[in-house]
Amino acid sequence: MTAPEIHRTIDELRAALRPARQVGDRIAMVPTMGALHEGHLSLVERARVEADRVVVSIFVNPTQFAPHEDFDAYPRDEDKDLKLLGAFDVEAAFIPSVREMYPQGFATGVTVGGPSEGLESAFRPHFFDGVALVVTKLLLAAMPDVAIFGEKDYQQLCVVRRMARDLNIPTEIIGAPTVREPDGLAMSSRNVYLSPEERRTAASLPEILREAVERIVGGEDTHDVLPISRQRLEARGFKVDYLELRDGDTLGPVTDDTRSRRILVAAWLGKTRLIDNMAV
Ligand code: AMP
C-alpha cells in the first residue's frame, strides 16, 4: 500500500508524468468525481492491467450540473478516496480545484453530436457538453495512453469514444463492465441519497431491465415489452425519464445493420435519479 501522490495543478501533474513517459511507461487514466466505490475501483484494476502508471482524477465537474442539480450536495470525501486508492497502489491522484480547471475568463466549449442525442440529453441538455469539456481537459492534462470509463454510464462512454475519435485525441478509450450490489443495483455515488425503503425498491430497476432483455432475446416485440416494463417500474414508484432500446454502437435507432443492442433507462425514485443499461 502506497499513498498516492496528489497533484492539484495541471503543471504538477504533467511534471510528475514526464519521467514515466520518457522511459516509455504506459499511462492509464481513470476520471472520477470521487466518493469512490467498488465500481470505480474495478476501473482502477483494469487500468493496472493496461498500463504501468495509473492516474485517477477526482473532480466534481460543475459544468455538467444544471443549476437545479446536486453539485453542492454531491458526496465528497477526499481522505477516504485517497485511502482506497492507496490500497489499490495508485501512484497519482489528480485533484484540481474548480479554479484550476476553469480559470477566470474561461470561454471554450466542446459539443459532441451523434451518440449524445436523446436519452440523457432529452432530460439533462447541459450534461454532455460538460462531460465532453472536462474529459477533453483531463485527457490533455495527463495525455494518457488509455482511459477507462464504466459501462454504467453507457451513453457517456459512447460520447467520449466518439469525441476521442473525432478530435484525434491519442488515447484509447476502454469501457469496463458495470459493478453491481449483491441485489443487482448498479453501484453509484448517488445511491447514498436513497432512503432504506427506496434502496430496497431500487433493486427492482435492474430486475425489470433483466426481464425485458430476456423477453426481447426470447423473440417478443420490443414495442410490446418496453411499455410493460415501464408500467412495472411505475407501479413500484419509479418516475421513468426514458426506457429505450438503442443500437449499442451508435446509440441511434436499431436498424438492419445493428450488431449489438442495448436497453437504457433513467428513472427517479423520490429525489434520486438512477440510470442503468444492459446489453440485449
Ligand atoms: P463518476 O464518479 O460517477 O463520474 O464515475 C466515474 C467513472 O466510474 C465513470 O466512467 C463511470 O461510468 C464509472 N462507474 C461509476 N459507477 C460504476 C459502476 N457501478 N461500475 C462500473 N463503473 C462505474
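Counting starts at 1 for both ligands and their atoms, following the listed order. Note that the coordinates shown come from a computational prediction; the quantities given were computed from them, not determined experimentally.
Distances between N or O atoms of Thr32 and those of ligand 1 include no value under 3.5 Å. Between Gly150 and ligand 1, at least one pair of N/O atoms sits closer than 3.5 Å. Geometrically, ligand 1 and Met187 share a nitrogen or oxygen pair separated by less than 3.5 Å. Distances between N or O atoms of Val179 and those of ligand 1 include at least one value under 3.5 Å.
At a threshold of 4.5 Å between side-chain heavy atoms, the hydrophobic network of Ile, Leu, Val, Met, Phe, Trp and Tyr places Tyr242 and Ile263 in two separate groups.
Of all protein heavy atoms, the one lying nearest to atom 6 (C) of ligand 1 is Pro31 O, 3.3 Å. Closest to atom 5 (O) of ligand 1, if we only count protein heavy atoms, is His40 NE2, 3.4 Å. Counting protein heavy atoms only, atom 12 (O) of ligand 1 is closest to Asp153 OD2, 2.6 Å. Scanning the protein for heavy atoms near atom 23 (C) of ligand 1, the closest one is Lys152 CB, 3.9 Å. Nearest protein heavy-atom neighbour of atom 4 (O) of ligand 1: Met33 CG, 3.5 Å.
A donor-acceptor distance shorter than 3.5 angstrom exists from the side chain of Asp81 to the backbone of Leu36, with no hydrogens or angles considered. Put simply, the side chain of Asp25 never gets that close to the backbone of Arg53: no donor and acceptor are under 3.5 Å apart. A donor-acceptor pair under 3.5 Å is formed between the side chain of Asp247 and the backbone N or O of Thr250.
Less than 4.0 angstrom separates some heavy atom of Leu43 from each of these atoms of ligand 1: 7 (C), 8 (O), 10 (O), 13 (C), 22 (N). Distances below 4.0 Å separate heavy atoms of Thr178 from the following atoms of ligand 1: 20 (N), 21 (C). Taking every heavy atom of Phe149 and a limit of under 4.0 angstrom, the matching atoms of ligand 1 come to 10 (O).
The existence of a salt bridge linking Glu12 and Arg8 is excluded, since no basic side-chain nitrogen approaches an acidic carboxylate oxygen closer than 4.0 Å.
Using cut-offs of 30° and 60° on the angle between ring planes, the pair Phe71 and Phe65 is perpendicular.
At least one heavy atom of Pro177 sits closer than 4.0 Å to an atom of ligand 1.
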request  = Report the C-alpha separation of Arg259 and Asp249 in whole Å, then their side-chain angles, then the decisive distance to 0.1 Å, and conclude whether the salt bridge (charged side-chain N to carboxylate O under 4.0 Å, His left out) test is met.
outcome  = CA-CA 8 Å; Arg259 291 175 309 157; Asp249 296 317; 3.1 Å; yes

task = Please lay out, stage by stage, how Arg124 and Glu69 fare under the test salt bridge (charged side-chain N to carboxylate O under 4.0 Å, His left out).
result = CA-CA 10 Å; Arg124 306 181 71 198; Glu69 291 181 344; 2.9 Å; yes

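Under the rule for a salt bridge (Lys or Arg N to Asp or Glu O under 4.0 Å), the partners of Lys239 that lie at least two apart in sequence or sit in another chain are Asp241.
Counting heavy atoms under 4.0 Å from ligand 1, residue Ala176 does not touch it at all.
Met187 belongs to a hydrophobic cluster with Val179, counting contacts under 4.5 Å between side-chain heavy atoms of Ile, Leu, Val, Met, Phe, Trp and Tyr, direct or through other members.
Across Glu151, Gln156, Gln64, His37, heavy-atom proximity to atom 16 (N) of ligand 1 is greatest for His37.
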